[in-house]
**Student:** 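First, the structure itself, so that you have it in front of you.
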Amino acid sequence: MTQLQLNPHLLNVPLYIAGKSIEEVQEELGLDEVVKLGSNENPLGPSPLAVEAARQMLSEAHRYPNYWEKVLRRKLGPATDPDFTEHNILIGNGGCDVLRMLTHAFMCEDGETITASATFPMFSILTTMFGGCTVEVPIRSDYHLDLPAIQRAITPATRMIFLCTPNNPTGTIITQCEADEFIVNIPEHVVVVFDESYGDFVANPQHVNSLRYIKQGRNVVTVRSFSKKSGLANLRVGYAIGRAEIIEGLHHAQIPFNTGSISLVAAIASLDDDDYQRRSVELVQAQRAYLYAAFDDLDLTYVPSEANFVLVTDLPMNAKTLAEAVLQKGVIIRWAGSMGLPDAFRVTVGTREQNEQFVDVLRAVLEKAKAVA
Ligand SMILES: Cc1ncc(COP(=O)(O)O)c(C=O)c1O
């Protein structure tokens, strides 16, 4: 018998726990109708312009993609900042692939990543995958990232710092003032990654403009995604923005043809669909307010969010049990345990109808728990 020689780093890589799909829950629980508010998807569905562009590109499915990646990069460069070109943009198979390329490019054996204790799990998963260790700095009591503490955790072994803003799962942002103070104290051997997958939803004018640091020539990379506001999670398009020298380096970690033309033209079309983009943001803002009011009514504590999800904390019952009970009634929400907050759950902002269904189920679950106690 041959001995399986798995890369030893992979043995330590925790598996990413994805949110449950509608089909999976229907199959498991025998339910006809399931509401999915567990994966921060866009409840509007994709932009009609994106769907049409993708449909037309299907007849080219037999060809390898190459041209459309350049078109998207050319469009995204100046769209993110007038000073940027295609040379400042790297396209990935979703933001996760971009994070993978970044970690592959900058992590080394025994190198360290610093991130927050309650954040997107891929930062530490990828660090382990590429042989590094993750230092998790506790978040503040108000659920914001603690930038001074992250800065104090830097050592000669630090290679990368991942800052998620708005942060998944807390929905809190990093302000320009906080980031300005932080960035001037970052040594040159460290790359700071701003994950702005949810940045399109932010209304607060104090939100950090991380592109400013890129223009200053710093070792900063910003990651964005077409999965959220652009509603293309299934087509897997994300991108990095950085100075040309860094982007050039990241290309060495890119798998050829990592994103297909069907996805690329859909992303290009969605960028042009101003009406859809506006409606996506307006829906989140209006429906987030609806959820806040419902949580107030139920006497639940939540963290004010700048994203398309809300974290509900300090629950009157076990958070995992609550999320499971809500699921049994056909609504998928996310227990925040795998994101460092075992006493909380995260719910995606849905349509009014979906949110009402969720609130009804949540109320019933809380009342039942109260009656049993
Ligand atoms: C903080 C954060 N970053 C990156 C991603 C990756 O998104 P995608 O790979 O769909 O672009 C997600 C997905 O939920 C996320 O929450």
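First listed ligand is number 1; within each ligand, the first listed atom is number 1. Numbers here simply count residues along the sequence, with the first being 1. The model shown is predicted, which means the values in this text are computed figures rather than measured ones.
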**Student:** With a 3.5 Å cut-off and sequence neighbours excluded, list the donor-acceptor pairs that the side chains of residues 59-69 form with protein atoms.
**Tutor:**
unit_1: Ser59; atom_1: OG; unit_2: Gln56; atom_2: O; d: 3.2
unit_1: Glu60; atom_1: OE1; unit_2: Arg63; atom_2: NE; d: 3.2

**Student:** Could you tell me if the ring centre of Phe106 sits under 6.0 Å from that of Phe130?
**Tutor:** no
**Student:** I'd like a table of donor-acceptor pairs (distance under 3.5 Å, sequence neighbours excluded) in which one partner is a side-chain atom from residues 329-344, with atom names and distances.
**Tutor:**
unit_1: Arg334; atom_1: NH2; unit_2: Ile17; atom_2: O; d: 2.3
unit_1: Trp335; atom_1: NE1; unit_2: Pro342; atom_2: O; d: 2.8

**Student:** Without swapping roles, check the side chain of Thr165 against the backbone of Ile173 for a donor-acceptor pair under 3.5 Å.
**Tutor:** no
**Student:** Could you check whether Asn168 and Arg346, counting side-chain N and O atoms only, form a donor-acceptor pair closer than 3.5 Å?
**Tutor:** yes
**Student:** Name the residues in contact with ligand 1, where contact means a heavy atom under 4.0 Å away: which are they?
**Tutor:** Gly94, Gly95, Cys96, Phe120, Cys164, Asn168, Asp195, Ser197, Tyr198, Ser225, Ser227, Lys228, Arg236
**Student:** Just distance, no hydrogens or angles: give the donor-acceptor pairs under 3.5 Å from side chains in residues 306-322, sequence neighbours left out.
**Tutor:**
unit_1: Glu306; atom_1: OE1; unit_2: Ala203; atom_2: N; d: 2.9
unit_1: Glu306; atom_1: OE1; unit_2: Asn204; atom_2: N; d: 3.4
unit_1: Asn308; atom_1: ND2; unit_2: Asn40; atom_2: O; d: 3.1
unit_1: Asn318; atom_1: OD1; unit_2: Lys320; atom_2: N; d: 2.9
unit_1: Asn318; atom_1: OD1; unit_2: Thr321; atom_2: N; d: 2.9
unit_1: Asn318; atom_1: OD1; unit_2: Thr321; atom_2: OG1; d: 3.0

